[in-house]
Amino acid sequence: MPGSWLDELNPAQQEAATCGQGPLLVIAGAGTGKTMTLAARVAYLLEQGVRPDRILLLTFTRRAAAEMLRRARGMSGRPAAENVWGGTFHAVANRLLRIHGRALNLPPDFTVIDQADAADMMSLIRSELGLASRERRFPRKETLVSIYSRMVNAQEKLRGVLDVHYPWCVGQIDGIAQVFEQYGGHKQDSHVLDYDDLLFYWEALCSAPGVGDKVADRFDHILVDEYQDTNAVQAQILLGMRKHCNNIMVVGDDAQSIYSFRAATIRNILDFPEQFPGTRIVKLEQNYRSTLPILAASNAVMAAARERYTKELWSERPSDQKPVLLTCVDEAEQSDIVCRQVLEHLEQGIALQRQAVLFRAGHHSAQLEIELARRNIPFHKYGGLRFVEMAHIKDLLAVLRIVENPFDQVSWFRVLQLLDGIGPKTARQIMGALGIGRALPAIRDEQGTAPGLPTPLRSMVAEPPDVPPAAREAFAELRAALAHCCGVTGQPPADEDKRTAAKRRGSAPPVASQIERVRHFYQPLLERKYDNWRIRQRDLEQLEQIAARYRSRGRFITDLTLDPPTATSDLAGAPYLDEDFLILSTMHSAKGLEWDAVHILHAADGMIPSDMALSDEAGLEEERRLFYVAMTRAKDWLYVYFPLRYYRRPSGLSDKHHYAQLTRFISDPVRALFEQQTATAPIDTGEEEPISRHKVQARLKQLWTD
DNA sequence: CATTTATAAATTTTT
DNA sequence: TTTATAAATG
């Protein structure tokens with residue numbers, strides 16, 4: 001008998017949750033209880049006696065999966081829900097490939113590299129090929145990765161990708177093709193997979209004879225959230241996983257597709273019924289989240305979309321409070337008013353955690369962050385520059401990655417160049433001497449068949465190569481740190497040879513202790529490299545704390561690349577950090593979340609829609625959906641801020657500025673649905689703002705104009 | 001000759 | 001604030 005929790009669902013939600021066998025497509029508009037429905041589906045399946053480890057729940061973030069399983073546990077009262085396979089496509093791919101990768105000739109010790117690492121590898125290849133110094137500038141390494149990623153994810157030809165999305169690179173097509181050619185080999189030599197490989201190899205796993213059946217046979221039910229933001233490869237994976245179980249449920253909303261830059265395509269959700277014959281379609285159209293006025297404004301924004309969507313979102317939450325459009329003089333005033341608005345709600349009893357500030361790009365919140373810090377308002381920021389992308393974190397992790405995977409060229413290259421007197425050239429020499437990369441492929445081949453021979457790591461410890469005098473001391477430190485992390489401290493290397501790799505890992509010290517040792521090696525380099533090394537040191541300490549939760553170094557590294565933690569909120573001021581904090585988030589990272597009060601910054605053309613996205617029609621439409629996603633996060637209060645004036649240079653004496661235009665998404669009919677306020681309030685009695693600054697600047701100007 | 005230092009330029013969104 | 005290029009240094 002189904003539990004009483006089913007009664008809390010509306011008919012459409014119940015239908016989706018208790019649907020029988022076969023493919024199921026759920027079109028779920030914003031705020032229609034999608035998460036609850038998915039959780040209910042999991043709970044229902046468990047009650048029906050489906051084994052938890054035969055359910056696969058694919059979500060956009062690990063957090064989303066955890067949240068859904070938590071709810072499913074609450075509904076079904078079955079702790080067994082913990083054994084449900086949940087996570088992102090990438091994380092699940094990683095897990096499956098660890099188990100079955102041997103069938104595809106994947107090295108058992110492969111590590112996963114993120115986009116920045118992939119970019120570094122592209123750069124490595126670019127300089128090896130001598131493409132860096134040409135008369136016309138070769139694409140940046142980040143651009144190379146983007147092109148490559150789009151190519152493999154959308155399964156398009158290089159030529160086509162360049163023509164459509166990177167027309168300024170078309171002239172360099174031969175060089176680009178050369179780099180990509182080498183890239184595959186370099187990854188293989190380095191025993192690494194990039195994000196795209198994870199999906200690609202999973203797909204390959206499905207179609208491999210023998211193993212393909214085994215993999216597909218692992219699951220009886222597959223549930224996919226946010227299906228509008230999956231790409232062609234991910235759809236192929238689902239098709240490949242269908243062999244035995246046809247019970248595939250996908251949930252999504254074509255109006256909320258915001259990841260086409262990652263080659264996501266709404267074709268997936270639109271074509272699902274054809275790809276999976278016999279699909280049952282359920283639409284969730286009742287919005288439980290937002291008040292009517294907020295919903296009306298959001299719908300009005302979408303009404304102007306090129307393609308109209310067939311859903312009719314409705315709500316039963318009337319309210320007198322329209323969304324508010326706040327026009328302010330400039331960015332400084334915007335920050336000021338956001339703070340005051342947030343605090344006002346806090347006084348009304350809306351905790352900071354139930355409020356969020358959303359913006360298009362990570363740096364759009366920079367001014368606000370300073371203002372929040374000044375007023376001791378704690379906040380957490382999601383999206384934008386993340387922890388693992390910071391140079392010092394990457395430096396330290398690179399050392400760990402070397403221990404985990406001694407063939408990782410990018411990490412060696414990075415770590416070696418940290419040392420005094422070692423640049424690209426010497427780093428390559430040392431790597432060659434250690435047998436890393438293509439310099440000495442013979443040694444690597446023997447490695448596979450004759451496990452007794454020294455790996456790069458062992459030769460590093462036992463017979464180190466020569467280094468420039470300036471680097472000797474630090475190099476010795478590095479060797480000691482590496483030795484410690486392998487667990488060979490104090491023991492003669494001869495003793496090591498007898499053990500298997502697995503045993504060696506077992507004897508390695510705890511991950512946190514490894515980081516502590518690496519930090520000891522890194523500390524002097526950190527202090528020399530950065531003026532603000534104290535702040536960065538705190539980050540490294542925090543990394544060590546995160547590591548303390550892990551038993552396996554490999555797991556730690558993989559988790560960090562597949563599910564990176566958000567940036568530290570140093571500015572919030574640690575002493576004042578209490579339980580409650582305001583949420584700052586990019587619009588992308590806000591997907592699937594909701595708050596009582598939502599503040600949207602920079603509703604100006606050029607910010608949203610972003611200038612970068614305006615090159616084609618599709619880009620503009622995606623920006624519109626993005627704005628729609630941001631608006632529909634709000635339950636009771638929605639504030640949209642529009643600064644009139646932007647300064648060209650954020651700092652500096654020139655007071656050049658330009659006037660902004662209200663975002664084109666708030667057209668006149670849309671604007672009528674907002675309550676409009678102009679912030680003319682006297683600003684912060686303590687110090688007047690831009691006016692006095694201009695006076696000072698004018699006075700300074702006289703010094704050189706007269 | 002390779003590395004370091006100085007200078008200029010650029011800067012969406014994320015697994 | 002990071003990153004590519006140019007000049008300077010050891």
Practice item. Apply the test side chain to side chain contact (heavy atoms under 4.5 Å, CB included) to residues A:Leu38 and A:Thr59: give CA-CA distance (whole Å), side-chain angles for both, the deciding distance (0.1 Å), then the verdict. Key: CA-CA 11 Å; A:Leu38 269 166; A:Thr59 53; 6.0 Å; no
When the distance from [atom1] of [X] to [atom2] of [N] is rounded to whole Å, what number comes out?
| X | N | atom1 | atom2 | result |
| --- | --- | --- | --- | --- |
| A:Ile608 | B:dT13 | CD1 | P | 12 Å |
| A:Lys394 | C:dT2 | NZ | P | 13 Å |
| A:Phe627 | B:dT13 | CZ | P | 18 Å |
| A:Leu626 | B:dT12 | CG | C1' | 10 Å |
| A:Met122 | C:dT3 | CE | P | 17 Å |
| A:Leu584 | B:dT13 | CG | C1' | 16 Å |
| A:Met607 | B:dT11 | CE | P | 15 Å |
| A:Glu389 | B:dT14 | CD | P | 9 Å |

Review point. Going through the distances and angles, do A:Lys34 and A:Asp253 end up as a salt bridge (Lys or Arg N to Asp or Glu O under 4.0 Å)?
Key: CA-CA 10 Å; A:Lys34 174 182 64 116; A:Asp253 177 8; over 6 Å; no
Practice item. Can you sort out the partners of A:Phe475 under ring pair (Phe, Tyr, Trp, His ring centres under 6.0 Å), two or more places apart, ordered by chain and number? Key: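 If we apply the ring pair (Phe, Tyr, Trp, His ring centres under 6.0 Å) test to A:Phe475, skipping adjacent residues, there are no hits.
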Indicate, with a heavy-atom threshold strictly under 4.0 Å, whether [X] touches base, sugar-phosphate, or nothing.
| X | result |
| --- | --- |
| A:Arg536 | sugar-phosphate |
| A:Phe89 | nothing |
| A:Lys141 | sugar-phosphate |
| A:Gln115 | base |

Exercise for review: Using distance alone, with no hydrogens and no angle criterion, decide if A:Glu527 and A:Gln523 have a side-chain donor and acceptor under 3.5 Å apart.
Suggested key: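 Yes, a side-chain donor-acceptor pair sits under 3.5 Å.
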For [X], what residues pass the side chain to side chain donor-acceptor pair (under 3.5 Å) criterion, not counting sequence neighbours?
| X | answer |
| --- | --- |
| A:Tyr628 | none |
| A:Tyr550 | A:Asp559 |
| A:Arg401 | none |
| A:Ser365 | A:Glu369, A:Lys381 |

List for me each residue that meets side-chain contact (heavy atoms from CB on, under 4.5 Å) alongside [X], sequence neighbours excluded, and say none if there are none.
| X | value |
| --- | --- |
| A:Ser260 | A:Glu622 |
| A:Lys529 | A:Asp395, A:Leu418 |
| A:Ser190 | A:Met121, A:Val192, A:Gln409 |
| A:Ala116 | A:Asp114, A:Lys394 |

Review point. Taking for each residue the nucleotide of DNA chain B bearing the nearest heavy atom, is the 5' side occupied by A:Phe60 or by A:Ser610?
Key: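 It is A:Ser610, whose closest nucleotide lies nearer the 5' terminus.
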Check your understanding: Quick one: on DNA chain B, does A:Ala613 or A:Ala91 contact a more 5' nucleotide (nearest heavy atom)?
Key ->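 In this pair, the answer is A:Ala613.
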Please list, for nucleotides 1-4 of chain B, all pairs of protein and nucleotide N/O atoms separated by less than 3.5 Å.
residue: B:dA2; atom: O3'; partner: A:Thr426; partner atom: OG1; Å: 3.4
residue: B:dT3; atom: OP1; partner: A:Gly423; partner atom: N; Å: 2.4
residue: B:dT3; atom: OP1; partner: A:Gly423; partner atom: O; Å: 3.3
residue: B:dT3; atom: OP1; partner: A:Thr426; partner atom: N; Å: 3.2
residue: B:dT3; atom: OP1; partner: A:Thr426; partner atom: OG1; Å: 2.5
residue: B:dT3; atom: OP2; partner: A:Lys425; partner atom: N; Å: 3.4
residue: B:dT3; atom: O5'; partner: A:Gly423; partner atom: N; Å: 3.4
residue: B:dT4; atom: OP1; partner: A:Gly421; partner atom: N; Å: 2.5

Enumerate all atom pairs, one protein N or O and one N or O from nucleotides 7-10 of chain C, separated by less than 3.5 Å.
none

Check your understanding: Using centres under 5.5 Å plus planes under 30 degrees as the test, is A:Tyr259 stacked with B:dT14?
Key ->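 It does not: the two rings, one from A:Tyr259 and one from B:dT14, miss the stacking criterion.
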Check your understanding: For B:dT14, does either OP1 or OP2 sit under 4.0 Å from a side-chain N or O belonging to A:Ser589?
Key ->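 For A:Ser589, the contact criterion (side-chain N or O under 4.0 Å from OP1 or OP2 of B:dT14) is met.
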Review point. Does a nitrogen or oxygen in the side chain of A:Thr586 sit under 4.0 Å from OP1 or OP2 of B:dT14?
Key: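 For B:dT14, OP1 or OP2 has a side-chain N or O of A:Thr586 closer than 4.0 Å.
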Review point. What is the ring orientation for A:Tyr183 with A:Tyr148, classed by angle as parallel under 30°, tilted 30 to 60°, or perpendicular over 60°?
Key: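 Because their plane-to-plane angle is over 60°, the rings of A:Tyr183 and A:Tyr148 count as perpendicular.
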Exercise for review: Just need the stems in DNA chain B: three or more back-to-back Watson-Crick or G-U pairs, each with both distances under 3.5 angstrom, sorted by first number.
Suggested key: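 When the pairs of DNA chain B are grouped into runs of at least three, the stems are B:1-10 with C:1-10.
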Exercise for review: Please tell me which of the listed nucleotides, B:dT15, B:dT12, B:dT13, lies nearest to the side chain of A:His588?
Suggested key: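 It is B:dT13.
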